[in-house]
Structure formats: C-alpha cells, structure tokens
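Take a look at the structure below.
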Amino acid sequence: MNLANPTGDPTESMARARFLGELEKEAEAHLTLARLLRKERPPAKRAELRRILGTNHPIHRKIAEIEALDAAPEHEESSERPPQYVARRIVEPLKMPLSKLKFLVKPPRVQEPLFRYLFREYAKILHFGYSTHTVSPTFLFPVLRADRRLLHGFADSLKRAATELRELVRQALASGWRVAEKREYNLLVVLGRLCDEIVATNFAVLSTRDRKLIDRLSQIEVLFLILHYQPEDTELVIYTLGRILSLEPAGGGALADRAEDRARRILTSDFALPSLHNLLLILNMIKGRRLLTFAELLTPNLGDLINDTDFACVDEVRTEIDTYLGGLKETLTTLDRRRAELKKIRVYLPVDGTGVPQTSRLEDFYQGSQLAREEGWSFANDKENVVLFVPRLLRLIDATFGPLLAGRILMTSGKRGVVFSPPLFGTELQKLRNVRERVERLAFDLHTFTYKRYLSIRKDGKGGIRIEGAIISYVEDAQAILQGIAERMMELLAAPRSVAPAGVEPHPIEAIGSTAVVIPYEGETIRSPAGLSGRTVAETLTELTTIFYLAVTYLYEQDLAAQPEEEAAIMARFDSTLATLRRIADSIFYDETVAQLLGS
C-alpha cells in the first residue's frame with residue numbers, strides 16, 4: 001500500500017512518521033526477544049521463561065523480565081523431577097495483543113479534501129455502494145450513508161450466522177488440535193472471537209448517520225482484518241474448520257458443510273449481498289471520503305500475526321493435550337529403546353542385502369572347529385537333520401566357549417585366567433548340556449527330523465507327532481538360553497570399561513550391569529581352547545555373541561529373524577510419532593524431549 005502523502009498535509013505526515021516509528025520499535029523489540037529465546041538455560045529458568053512468555057505483558061516488559069531472569073544467580077535444582085508436561089500458561093492466538101493490533105493492522109488515514117472528494121471520489125464510492133447493497137439512495141448531495149437496513153435485517157441475519165458458527169467453532173476447537181497445525185487452530189480461535197464480537201454487538205443502537213460508525217465496530221473490524229491479513233488465511237480457516245468437523249463420528253459431513261457455509265457467509269465478500277466484508281469497506285470509505293480496496297485497509301509488512309508456537313486452547317483442552325503429549329513421550333522412549341536394542345543386535349548379527357541373517361559365519365565356526373574335523377562333521381549334511389545338528393552344535397559351543405564362560409583359558413603369555421566367575425554362566429551351560437543329552441536320547445527313536453519339516457511345524461504352530469513336539473520344545477529352551485547369554489554379553493561389551501591396577505591380578509566378573517567393569521585379560525591373546533586360539537579375549541566375546549545370535553536365528557527365532565523388518569517398522573512409527581509431537585508440542589517441550597532421547 002502507498003503511504004506517501006499526496007496532499008502535503010502536515011498532519012498526515014506527522015501521523016505517518018509516528019506510525020513508521022512505532023513499527024520500527026516493534027520490529028526491533030521482536031528481534032531482541034528472538035535473540036533472548038535462543039539462549040541456553042537450566043530447567044528452572046526455562047520454566048520461568050515459559051511463565052513470562054505466557055503473560056499478557058507488553059513485549060518490552062517481557063524482554064526486561066527475561067533479562068532480569070538471566071542475570072539472577074542459579075539455584076540448586078531440587079532432586080524431585082517436575083512432571084513431564086504441565087499446563088503452563090494462557091496462550092493467546094495472536095503474536096501481539098489485540099489492543100495493539102487495533103492500531104497497527106490498519107494504517108492511519110486522513111479524510112480526502114472536500115473538492116477532491118466531490119469531483120473524484122464521490123461517484124466511485126456511490127457506485128460501489130449500490131453494487132454491493134451497502135449504500136442507500138439519498139437526495140442530500142453529497143451525503144453518503146450506509147444503508148439503514150444493514151443495521152437491522154442484515155445485522156440480524158449476520159448474528160444468526162455468527163451464533164451458529166460460534167458453536168461449530170467451539171466444537172472444532174475441542175478436538176481440532178489432534179489434526180490441525182497450531183497456526184490453523186489459532187486461526188479458528190480468532191474466528192470464534194469474531195463470532196463472539198458480532199453476537200455481542202448491539203447494532204440497533206448504532207446510527208448510519210454517524211460518519212465514524214466504523215470506529216464503533218473497531219473490535220469486529222480488527223478481528224476481520226486479521227483473518228484477511230494473509231491472502232490465503234480466509235480459505236485456510238474455512239478449510240480447517242470443515243476438515244476437523246468432517247471427522248466427527250456423528251454427521252461429520254453435514255456439520256462440515258454447514259460450518260463452511262456459515263463461515264463463507266461471514267468472511268467472504270460475494271457469498272451474499274450485502275456482506276460484512278463490504279460493510280466494513282464502505283464504512284471506511286465514508287469516513288475517509290475516498291474509494292478504497294480491501295488491500296488498502298491493511299498495513300503491509302507486519303509479518304504473520306497468528307501464533308504458531310502453541311495452541312490457544314481452554315484449560316480442559318490443555319489438560320487433554322498434556323496427557324496426550326505425555327503418552328507420545330512414553331511411546332517415543334519405548335520405541336527408541338527398542339530401536340537401540342535392535343541396532344546393537346545388528347552389530348553382532350550379520351545379514352545380507354535383503355536383511356536375512358547370514359549363516360556363513362555359523363558354518364565357518366561349525367565346519368572349521370577341531371572337534372568337527374576329528375569327528376568328521378559336515379555342516380552342509382548335518383544341518384538337514386535337526387536331531388543330528390542340534391546336539392552337535394550345542395556340544396561344539398560347550399567345548400569352544402565353556403572354558404571362557406565358566407572355566408579357565410590359557411593365554412599365549414602362559415597365564416591361566418578366569419574371565420567370568422563360574423556361577424555367572426555355569427547354570428546356563430549345564431542346561432544346554434541337559435538339552436543336548438535329551439535330544440540325543442530322542443534321536444534313538446527318531447533318526448531323522450528334517451530341517452524343512454521342523455520349520456514347517458514351528459511356523460504353523462501345529463502338526464507333528466509327539467516326539468517331534470518334544471524335540472522342538474527342547475530346541476526352544478536352548479534358543480532361550482543362547483539368546484539370554486548373548487544379550488548379557490552385548491550388555492557387557494556396551495558397558496563403560498575400567499582399568500585394573502597395574503600388577504594386580506584381575507578379578508573374575510561376577511555380575512553384568514551398566515556400571516563400569518574390568519574385563520579380565522581383555523587385550524591378551526588366547527592359546528587354548530583351540531577354537532579360540534589367536535583371538536584376544538575382547539574379540540572372543542564379540543565372536544561368542546555373533547555365533548550365539550546366528551545359532552538362535554538359524555533354529556528359527558521369529559523376533560531375531562524379523563529384526564530388520566521390525567527395525568524399519570519401528571523407525572517409521574518413531575518418525576510418525578515424532579512428527580505428531582512436533583506438531584502438537586511447543587518448541588521447548590519438543591526440544592527437551594528430543595534432547596532426552598538423544599542423551600538416553
């Protein structure tokens with residue numbers, strides 16, 4: 001819009017200078033506030049910052065309070081953690097107080113000089129008024145007045161539409177936060193307030209003879225202008241209202257149609273004549289004695305006026321949002337924990353390009369062992385017969401890793417050391433031996449149990465004779481034991497390490513937890529047992545974890561076999577939940593949640 005002073009009126013020049021000065025001060029204040037909000041603060045000060053931002057104080061007072069907060073000394077924080085998400089403040093739908101926007105959103109304007117009005121503006125204003133049904137005929141040239149019927153019949157129909165729309169907006173605001181963006185929701189709040197003002201205005205006491213009638217409707221006007229400040233906002237608020245109400249379980253489609261109809265009746269210029277749009281425009285023309293377009297009513301370059309950082313909702317909805325956000329945070333924590341577990345497993349469970357666990361490492365372990373060479377075992381042949389393969393695999397695992405888990409190993413340095421206290425894994429090893437012996441005994445009665453039939457029975461969960469069911473039960477026991485040891489070993493390898501004092505014999509590991517631990521002989525190379533020869537203790541623990549996980553998946557463990565697919569599904573759900581959190585939560589809660597997830 002052109003803010004130049006075509007008439008040279010000094011009053012207009014002074015008003016324009018004051019107006020531009022106010023805009024510059026306002027812009028500078030918002031830049032200062034933005035810089036303050038980017039500062040890092042401890043949790044206690046962040047909570048106080050949220051309280052300050054939620055007040056209705058002028059922006060300069062908020063800046064002063066935040067600067068005083070930053071200057072105050074930090075106190076020791078209580079050991080009691082605050083609730084995850086607490087109803088914090090009253091949130092306004094606008095970035096600036098409405099009282100200030102009343103003077104900012106519409107630029108100051110002086111009346112056109114009389115002769116300019118008579119010879120250049122009068123006829124054009126009159127033509128607009130007749131075409132929009134907003135001006136009544138008059139015989140008192142050059143008097144222009146709004147049509148008297150606007151304050152009676154039109155006002156009554158406008159109030160009826162606003163009354164009905166107000167209830168529909170309230171219904172949408174109760175659940176709209178579940179689907180709408182914050183800015184869209186807050187546009188609806190402004191629309192609801194416009195309806196409130198229309199319903200509360202007593203049009204009957206207003207007079208069309210009053211040249212300053214537009215000033216009596218200033219509260220309606222500013223809300224109407226705000227909803228039209230961004231060109232797309234009028235259609236956006238109508239679409240958002242319809243979209244939310246269309247999701248209502250009972251008659252959503254009809255509600256949406258009725259709401260959109262009433263919203264267009266109030267907000268648009270040509271849905272019905274006369275319209276509120278044209279009424280406000282003609283009243284500005286009458287006061288200023290100049291033909292205006294609607295765009296000329298708006299001060300340019302104020303930026304976005306609608307709050308897009310939080311929902312301006314009532315307390316009941318705020319409580320519902322807080323509860324929902326708490327649930328989202330718990331879901332994200334659970335998904336992130338499971339994703340981390342799967343990520344750790346992937347380190348020890350090699351898969352091919354399609355995500356299928358590779359058996360080549362298991363085959364190398366089985367086929368390359370001294371026991372296999374001595375006994376003439378063949379992985380390719382043995383794996384096809386479960387009653388043959390399972391006992392041999394368990395025997396090989398016991399012979400190779402038993403001394404490491406519950407015995408002594410010989411180092412190339414000549415030391416004989418104990419890595420784990422025997423009770424830590426001794427019970428599990430004995431259970432594996434029991435499983436092996438039982439499957440070996442059953443093999444006398446069932447010489448062949450093909451791998452294909454074994455998998456078929458396990459996948460379907462039915463079929464098979466009694467002895468086959470018993471073998472499968474024992475194999476499941478062995479899988480649970482192997483997976484349990486692998487998980488504990490993975491936890492040990494992920495735990496922080498401590499260093500044993502120089503010259504002191506390391507103490508065997510008696511428990512595995514998240515605390516720092518010394519792994520005895522971690523960097524020393526093993527000489528015996530033969531299957532571990534040439535590897536350090538640390539390398540052997542990694543190899544043990546991989547072999548145990550591969551054995552579990554080969555013997556059909558659904559959770560591990562489907563691990564790549566599960567990880568993809570978890571990441572998709574995590575991203576979706578995080579996007580929902582970003583849409584609903586304010587930036588402080590969102591940033592705190594993400595920081596906690598990254599730090600966990």
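Contact check on Glu92 versus Arg193 returns a salt bridge, with a Lys/Arg side-chain nitrogen under 4.0 Å from an Asp/Glu carboxylate oxygen. One finds no salt bridge joining Asp586 and Lys182 here, because no Lys/Arg side-chain nitrogen approaches an Asp/Glu carboxylate oxygen to under 4.0 Å. Ion pair Glu491/Arg488 not flagged as a salt bridge, since none of the NZ, NE, NH1 or NH2 atoms sits closer than 4.0 Å to an Asp/Glu carboxylate oxygen. Between Glu592 and Lys329, none of the side-chain N atoms (NZ, or NE/NH1/NH2) sits under 4.0 Å from a carboxylate O, so this pair counts as no salt bridge. A salt bridge is absent between Arg243 and Glu260: the closest approach of a Lys/Arg side-chain nitrogen to an acidic carboxylate oxygen does not fall below 4.0 angstrom. A salt bridge is defined here as a Lys NZ or Arg NE, NH1 or NH2 lying under 4.0 Å from an Asp or Glu carboxylate O, and Asp336 with Arg339 meets this definition.
Ring centroids of Tyr185 and Phe311 are separated by less than 6.0 Å, placing the two rings close together.
Atoms CZ and CG, from Arg183 and Leu187 in turn, are 5.0 Å apart once rounded to the nearest 0.5 Å. Glu197 CD to Leu98 CG: the interatomic distance, rounded to the nearest 0.5 Å, is 8.0 Å. The line from CD1 of Ile220 to CG of Leu158 is 7.0 Å long, rounded to the nearest 0.5 Å. Rounding to the nearest 0.5 Å gives a distance of 8.0 Å between CG of Leu281 and CG of Leu291. Note that the NZ atom of Lys287 and the CD1 atom of Ile214 stand 8.0 Å from one another [nearest 0.5 Å]. To the nearest 0.5 Å, atom OH of residue Tyr130 and atom CD1 of residue Ile282 are 11.0 Å apart.
Using a 4.5 Å heavy-atom threshold, the side chains of Leu297 and His228 count as separate. Proximity of Phe154 to Arg148: side-chain heavy atoms (C-beta onward) are nowhere separated by under 4.5 Å.
The minimum heavy-atom distance between Cys313 and Ile321, with the atom names listed, is SG-CD1, 3.9 Å. Across all non-hydrogen atoms, the minimal contact from Leu267 to Thr234 is CB-CG2, 3.9 Å. Taking every heavy atom of both residues into account, Ile198 and Ala162 meet most closely at CG2-CB, 3.7 Å. Shown here for Leu305 and Met96, the closest heavy-atom pair between the two residues is CD2-CE, 4.1 Å. Of all non-hydrogen atoms in Leu255 and Ala250, the two that sit nearest each other are CD1-O, 4.1 Å. Closest of all the heavy-atom pairs between Leu94 and Ile306 is CD2-CD1, 3.7 Å.
Panel note: side chain Arg583, backbone Arg178; a donor-acceptor pair is recorded below 3.5 Å. Between the side chain of Tyr229 and the backbone N or O of Leu302 there is at least one donor-acceptor pair closer than 3.5 Å.
Between the side chains of Thr331 and Arg573, not a single donor N or O lies within less than 3.5 Å of an accepting N or O. Side-chain polar atoms of Glu487 and Gln483 form a donor-acceptor pair below 3.5 angstrom.
With a 6.0 Å radius and a threshold of 12 heavy atoms from other residues, nucleotides or ligands, Phe294 has its CZ atom above the threshold.
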